[in-house]
Amino acid sequence: MLPFLAPQRIINETKLLADYGKSSIIFVNDENSENIAKYPDSLAFSLNTLSVVGDKSSNVQITDWMDGLFTGFKTLKLVECPSYLKEIPISSFTNCTALEEVVLANENTSILESAFDGCTSLSKINFAGNETITSISEYAFRNTGLSITALPKNLSNLGDYAFYGCDSITSINIPAALTKIPNYAFYDSSLGSISFEDETLITSIGDYAFYGAEFTTFTFPQNITTISKGVLGNNENLTSISLYENGLINRINSGAFAGDSNFTSLITLNEDGTPARSEEGTVYLPLSMTRTYFDSGYGAFEGTAIKKIVIPETVTKVAEKLCYNCKQLETVQFLNPEKSVLRSIDGSAFRGCSSLTSIEIPNLVNTIGTYAFEGCTSLTSVKLPNYDDCTEEQVLIATENNTISPVKYTTVKEYLFSGCTALNNISIPNTVTKLANYCFKDCTALKTIFVPENVTSIAAYAFNGSNIRVIAEIASKPATWGTNWNVGVIGTTLGSKGTITDGNFLYSVNSDDTLTLVAFNNDGTTTSITLTNSVTIDSIEYTISAVSEGFVYDDDVLTSVTISANIPTVAENAFNSNCENLTSITVSDASSDEDIPEGWDANWDGGIGHSF
């Protein structure tokens with residue numbers, strides 16, 4: 001084995017020359033007590049084995065060497081670390097790309113930052129049974145070829161990125177002395193198995209610690225308090241994880257499981273490790289949780305294959321993008337909604353969940369963010385939060401916390417239900433004051449919507465592309481309904497007390513308890529209808545006072561209509577020309593246009609024409 005002399009750290013000025021054949025290294029301790037290593041370039045490309053010793057002939061005892069001393073030695077294959085060296089210095093062997101094996105001495109205790117960073121051929125190091133290494137610093141073995149299965153027995157400190165990119169590591173045992181697995185520790189490794197020694201002290205697993213690994217299942221230790229950002233993201237083989245039900249976990253951070261395209265289940269465990277709540281395809285958030293988090297990047301379950309998520313009443317916040325693009329998500333369940341303290345569903349939380357069919361949002365929620373349900377193309381029914389229906393317990397929570405503003409749900413935000421093409425049932429609660437831009441954009445199945453009196457603001461294009469009928473409680477349109485608020489609106493009925501549905505007919509109840517015919521929603525079989533000036537519904541007789549704009553719209557089955565001239569008002573385009581097969585409109589109780597009431601718009605028949 002070729003002996004090799006490293007720089008000494010001594011006070012007096014010393015100059016040593018080590019001459020080994022054609023390769024020589026000069027180590028100088030200069031006047032500033034800084035060690036300088038000088039060696040011919042050829043040495044970095046000719047040295048194969050390094051065994052660092054002192055120079056007994058000059059009685060020099062080496063205890064350390066300079067940071068980065070052997071960086072870039074391209075042919076070095078074996079390093080035997082000297083016993084006098086407690087710490088392997090920073091960047092000692094960075095980018096020694098031919099290095100295959102490192103033999104640690106029993107006296108070595110620490111491996112400092114980037115010591116073997118970029119040693120892509122390094123596959124062997126004697127960690128197994130090692131009891132002296134207590135610290136491995138950041139980047140120490142980044143992008144190496146290590147295939148270790150265990151960390152040193154007494155390791156208590158592990159630095160960020162320590163084994164980043166080590167794609168030959170497939171399993172690892174975590175020693176009991178280690179309390180934290182740091183950020184990016186095993187990022188882009190091939191880890192598919194991990195074990196924790198009995199009585200593990202692990203309380204934290206850092207951001208992206210196992211991102212891009214190859215786990216199929218994963219159980220978090222019982223003392224973990226937080227599921228960190230991206231911790232198991234992009235694990236394409238991951239199908240399920242387990243968390244302790246009544247443990248310490250109180251938050252799940254952004255991107256925790258994002259991109260795990262086969263992930264379906266989050267199982268909760270009893271204290272003895274047996275399943276507490278478990279169902280294929282279901283995420284059960286632990287009962288100890290208080291909120292989910294998002295700061296940037298991806299949502300916690302973004303892009304996964306989950307079918308159901310169960311959110312406990314203790315959660316106060318559903319984070320941005322929590323289930324973004326979970327295309328198989330069918331059900332969102334809020335446990336004990338009458339006790340729920342949920343206050344916020346943030347933007348894009350369920351965006352793109354194209355299998356979600358319905359949702360009932362707890363009444364204490366005061367904010368639902370932009371795009372929260374955008375693109376939920378199977379969503380048919382939504383119950384929005386209504387503070388007026390809160391329990392006394394929920395009201396107490398809201399009023400005791402003076403930092404919560406607003407207390408009530410007031411704004412249907414931008415693009416909230418944009419692209420929900422199956423949505424046909426939604427009620428706007430009385431607490432709402434504003435419908436924002438594009439909030440119901442392209443909701444093509446939503447034929448009508450009732451707007452409570454407190455809605456003083458409807459922004460431009462709120463219903464763009466929806467072809468909807470708006471029934472408003474307010475008697476006259478306020479100036480605060482913005483320009484182009486009615487783009488996509490085919491009919492507007494004002495002064496309504498509510499609605500009644502009878503068969504295919506939708507009526508608005510007017511302030512005088514008469515009815516306005518708002519919509520005829522064909523069941524696909526009706527070819528002709530007759531409209532009279534009175535109707536009996538549930539044994540109550542009502543007078544028909546008006547027919548709204550867009551009463552019949554885009555109906556390709558209806559062929560004929562008979563309408564009584566005793567109905568006082570018929571709005572413009574009550575019978576729209578989009579009804580391609582509607583060719584016959586007959587006015588009864590009249591013999592000519594002169595008999596038609598003044599309240600009928602000049603274009604009431606939508607240009608189809610009529611007869612008597």
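These values consider heavy atoms only, across backbone and side chains, with no hydrogens, waters or symmetry-generated copies. Each residue takes its place number in the sequence, starting with 1.
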Visitor: Is any side-chain heavy atom of N464 closer than 4.5 Å to a side-chain heavy atom of N437?
Guide: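 Not touching, per the 4.5 Å side-chain cut-off.
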Visitor: Hey, are the side chains of V231 and D207 touching, using non-hydrogen atoms and a 4.5 Å cut-off?
Guide: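 Side-chain contact under 4.5 Å: no.
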Visitor: Would you indicate whether the side-chain heavy atoms of V315 and M289 approach each other to under 4.5 Å?
Guide: yes
Visitor: Tell me if a side-chain donor or acceptor on D595 pairs with a main-chain N or O of D593 at a distance below 3.5 Å.
Guide: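 A pair under 3.5 Å: no.
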Visitor: Quick one, I306 and T282 - any side-chain contact, counting heavy atoms below 4.5 Å?
Guide: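 A side-chain contact under 4.5 Å is absent here.
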Visitor: So, Y298 side chain and A300 main chain: donor-acceptor pair closer than 3.5 Å or not?
Guide: no
Visitor: Checking S466 side chain against I468 main chain: does a donor-acceptor pair fall under 3.5 Å?
Guide: no
Visitor: Under 3.5 Å, side chain of S528 to main-chain N/O of S560, donor-acceptor pair present?
Guide: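 No, S528 side chain to S560 backbone: no donor-acceptor pair under 3.5 Å.
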Visitor: After noting the C-alpha distance and the side-chain angles of E214 and L238, does the key distance pass the side chain to side chain contact (heavy atoms under 4.5 Å, CB included) rule?
Guide: CA-CA 7 Å; E214 297 183 5; L238 187 69; over 6 Å; no
Visitor: What I want to check is whether the side chains of D589 and N566 have a donor and an acceptor closer together than 3.5 Å.
Guide: yes
Visitor: Please determine whether a side-chain nitrogen of the Lys or Arg among K307 and E330 lies less than 4.0 Å from a carboxylate oxygen of the Asp or Glu.
Guide: no
Visitor: Quick check: does any side chain N or O of T268 sit under 3.5 Å from a backbone N or O of R277, one acting as donor and the other as acceptor?
Guide: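 Checked: pair present.
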Visitor: Atom CG of N454 and atom OG1 of T431: how far apart are they, to the nearest 0.5 Å?
Guide: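 Here the rounded value is 8.0 Å.
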Visitor: Are T493 and S548 close enough that a side-chain donor and a side-chain acceptor fall under 3.5 Å?
Guide: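 Yes.
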Visitor: Please tell me if the side chains of L356 and F373 come closer than 4.5 Å, counting only heavy atoms from C-beta onward.
Guide: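 A side-chain contact exists here, since the closest heavy-atom pair is under 4.5 Å.
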Visitor: Does either side chain, that of E280 or that of T264, offer a donor lying less than 3.5 Å from an acceptor on the other one?
Guide: yes
Visitor: Measuring only between side-chain heavy atoms, which start at C-beta, is F505 closer than 4.5 Å to L517?
Guide: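 A side-chain contact exists here, since the closest heavy-atom pair is under 4.5 Å.
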Visitor: If only side-chain N and O atoms count, and only distance matters, is there a donor-acceptor pair under 3.5 Å linking D388 with N430?
Guide: no
Visitor: Roughly how far apart are D513 CG and K497 NZ, rounded to 0.5 Å?
Guide: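 Separation between the atoms: 3.5 Å.
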Visitor: Please check if the side chain of E473 supplies one atom and the backbone of E453 the other of a donor-acceptor pair under 3.5 Å.
Guide: yes
Visitor: Please name the pair of heavy atoms, one in L435 and one in V455, separated by the smallest distance, quoted to 0.1 Å.
Guide: CG-CG1, 4.1 Å
Visitor: Please determine which of K413, R351, K441 meets the salt bridge (charged side-chain N to carboxylate O under 4.0 Å, His left out) test together with E374.
Guide: R351
Visitor: Above 12 or not: heavy atoms from other molecules or residues under 6.0 Å from NZ of K383?
Guide: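 Correct, the count exceeds 12.
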Visitor: Have E313 and S340 got a donor and an acceptor in their side chains that come within less than 3.5 Å?
Guide: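 No pair is found: no donor N or O on one side chain lies under 3.5 Å from an acceptor on the other.
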Visitor: Ignoring hydrogens and geometry, is there a side-chain-to-backbone donor-acceptor pair from T559 to T527 under 3.5 Å?
Guide: yes
Visitor: I need the L506 CG to N521 CG distance, nearest 0.5 Å.
Guide: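 The CG atom of N521 is 6.5 Å from CG of L506, to the nearest 0.5 Å.
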Visitor: Within the 3.5 Å criterion, strictly below it, is a donor on S508 or S496 matched to an acceptor on the partner's side chain?
Guide: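 S496 and S508 do have a side-chain donor-acceptor pair below 3.5 Å.
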Visitor: Tell me the closest heavy-atom pair linking S265 and G281, and the distance in Å.
Guide: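 The pair with the smallest heavy-atom distance is OG-N, 3.0 Å.
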Visitor: For E360, is the CD atom crowded, meaning more than 12 foreign heavy atoms sit under 6.0 Å from it?
Guide: no
Visitor: Taking only Lys NZ, Arg NE, NH1 and NH2, and the carboxylate oxygens of Asp or Glu, determine whether D346 and K321 approach each other closer than 4.0 Å.
Guide: no
Visitor: Going by the angle between their ring planes, with limits at 30° and 60°, are F210 and F215 parallel, tilted or perpendicular?
Guide: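 Rings of F210 and F215: perpendicular, as their planes differ by over 60°.
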Visitor: Could you give the distance from CD (E598) to OG1 (T569), rounded to the nearest 0.5 Å?
Guide: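 Between E598 CD and T569 OG1, I get 10.5 Å after rounding to 0.5 Å.
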Visitor: Taking the six-membered ring for Trp, is the centroid-to-centroid distance between Y324 and F350 below 6.0 Å?
Guide: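 They do not qualify: ring centres at least 6.0 Å apart.
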Visitor: Under a plain distance cut-off of 3.5 Å, with no hydrogens placed, do E279 and Y284 share a side-chain donor-acceptor pair?
Guide: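 Yes - a donor-acceptor pair under 3.5 Å links their side chains.
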Visitor: Supply the atom-to-atom distance T514 OG1 to D512 CG, rounded to the nearest 0.5 angstrom.
Guide: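 If we round to the nearest 0.5 Å, T514:OG1 and D512:CG are 3.5 Å apart.
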Visitor: Between I311 and I309, is there a side-chain heavy-atom distance shorter than 4.5 Å?
Guide: yes
Visitor: With the side chain counted from C-beta on, respond yes when I544 and V535 share a heavy-atom pair under 4.5 Å apart, and no when they do not.
Guide: yes
Visitor: Going by distance alone, is a donor N or O of one side chain under 3.5 Å from an acceptor N or O of the other, for N363 and N386?
Guide: no
Visitor: What is the ring orientation for F257 with F263, classed by angle as parallel under 30°, tilted 30 to 60°, or perpendicular over 60°?
Guide: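 Correct class here is parallel.
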Visitor: To the nearest 0.5 Å, what is the distance between CG (L515) and CD1 (I537)?
Guide: 5.5 Å
Visitor: Which residues pass the side-chain hydrogen bond (donor to acceptor under 3.5 Å, both in side chains) test with Y461, not counting sequence neighbours?
Guide: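 Testing Y461 for side-chain hydrogen bond (donor to acceptor under 3.5 Å, both in side chains), a comparison that skips the adjacent residues, returns N484.
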Visitor: Does the side chain to side chain donor-acceptor pair (under 3.5 Å) test come out yes or no for N234 and D260, once each step is laid out?
Guide: CA-CA 5 Å; N234 205 32; D260 298 347; over 6 Å; no
Visitor: Could you check whether the rings of W485 and F463 sit parallel, tilted or perpendicular, using 30° and 60° as the cut-offs?
Guide: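 Correct class here is perpendicular.
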Visitor: Looking only at the side chains, is there a donor atom on one of S545 and N510 sitting less than 3.5 Å from an acceptor on the other?
Guide: yes
Visitor: Mind listing the closest non-hydrogen atom pair of P429 and Y409 along with its distance?
Guide: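 For P429 and Y409, the tightest heavy-atom pair comes out as CG-CD2, 4.2 Å.
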Visitor: Look at atom NZ of K434 and say whether more than 12 heavy atoms of other residues, nucleotides or ligands are closer to it than 6.0 Å.
Guide: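 No - once you tally the heavy atoms of other residues, nucleotides and ligands closer than 6.0 Å, there are 12 at most.
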